[in-house]
Amino acid sequence: MTAVPQAPATSSVPPDGSAPAAPGSVSGVGEILALFRDGTALTRSEVMTSTGLSRTTVNQRLDQLLQARLIAPAGEDSPTRGRPATRFGFNAARGVLLVADLGATGMRAAVCDLNGVIASESQQRIDITEGPDRIIGLVGEHFTRLLAETGNTPHDVHGIGMSVPGPVDFNRGVVVNPPIMTGWDGYDIRGWFARSYDCPVLVDKDVNAMAFGEYRRNFPTTGHLLMLKLGTGIGAGVVVGGQIYRGADGAAGDIGHSQMTQPDDEDQPLCRCGNVGCVEAYVGGWALMRDLQAAGRDVASVDAAIELALAGDPVAVQITRRAGRVLGAAVAGAVSLFNPRVVVIGGQLARVEGQLFAGIREMVYRRSLPLATTRLQIVRSSLDNTAGPIGLALSVADAIFAPDAVGRLITDPA
Ligand SMILES: [Zn+2]
């Protein structure tokens, strides 16, 4: 008798990176759906092997998932003998997700399938300080256009995600005391979208969404990742055990305002937050501009400062190298604390990779223990501007398809 084909080992690992379910512990339909969500196409026999459930139970659960269009046939096995067995896969085309990644000066909106694959996207320059009514109104217009472009209606939207450049109370879905987002404190973002859409709305900090996107797309087997967003400000997103680590209040990752005293600095630079000597006061795009202007260079934007460094201007190179070492000392601290497998660097300043990364690597490898650095990778973000939208879409999908949430879709098929 031919052995039952073994499902790949990863198929029993939920995509959130939590511990794999032991055979026999999976009973609910949501747990079975989780087997398919990492892209694995499975036969009935493979589901039985993965879960330890009886053929009758597996057939019943798969029928429920098929009826709800959460899974769909995905080809056939061609065994050397016997009847071909149908494979089933997650039906990522059952509906769509809408996501918007807001920055201080620009936004990116996208419509994605249920696997977080971007189907269509749009961008616009914004000024986040114009306030939530105006900015979310614009997001709403982009969403309407993107849905129309892709032949969808609000009824097809399964979930919405929005990321913002400020601190977020994740459970309440509101921005809290944001330093650069005038008028957004406590604004009811979910309530705004509830006027047009009947689906969950998730609000997160921009760098958390980026961290999750990088983890799931590029480093899905690591589970421990540190993401740095280097732009006008400096932020970090931490993925621990396959989950975004938010801390007790959602404020985790605020590496930009950790104190970075340099013994040879007589004058500690003043930070935007009112303190002195913060990482951001050395490394943030605004700080690079300040230092270049003080050295007599004519730079009117962070991009202009980047261009100057890329062109090899000696002062710009010196300033970005120092920024790399200051940042490296802070990252070394984070590496010692969290022991990530990967540090991913994104944001507009990542363009000066050549000068910035050398300093980061130098400090991290000098200051952190070999156990933490031997297998540590320090890489530039390859997803770049799409890390945020992809990460948001995947976070929203995880929330909708969490085993205890799937029941809603089974009893109420779209
Ligand atoms: Zn500060």
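Whatever order the structure lists ligands and atoms in, that order sets their numbers, starting from 1.
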Novice: Below the 2.8 Å mark, what number of protein N, O or S atoms do you get around the Zn ion (ligand 1)?
Specialist: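 N, O or S atoms of the protein closer than 2.8 Å: 4.
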Novice: Determine the interplanar angle of the F401 and H158 rings, folded into 0 to 90°, and report it as parallel if under 30°, tilted if 30 to 60°, perpendicular if over 60°.
Specialist: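 Correct class here is tilted.
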Novice: Judged by atom type as modelled, is there a donor-acceptor pair below 3.5 Å linking the side chain of D249 to the main-chain atoms of A251?
Specialist: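 Checking the backbone N and O of A251 against the side chain of D249, no donor-acceptor pair under 3.5 Å is found.
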Novice: Can you pull out every side-chain hydrogen bond (donor to acceptor under 3.5 Å, both in side chains) where at least one residue sits in residues 184-199? Sequence neighbours excluded, please.
Specialist: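 Every pair satisfying side-chain hydrogen bond (donor to acceptor under 3.5 Å, both in side chains) with a residue in residues 184-199: D133-Y187.
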Novice: Check whether any side-chain heavy atom of F212 sits under 4.5 Å from a side-chain heavy atom of V207, and report yes or no.
Specialist: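 No, too far: nothing below the 4.5 Å cut-off.
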Novice: Does the side chain of F219 reach to within under 4.5 Å of the side chain of Q377, using non-hydrogen atoms?
Specialist: yes
Novice: Quick one: does D113's side chain get under 4.5 Å of L97's, heavy atoms only?
Specialist: no
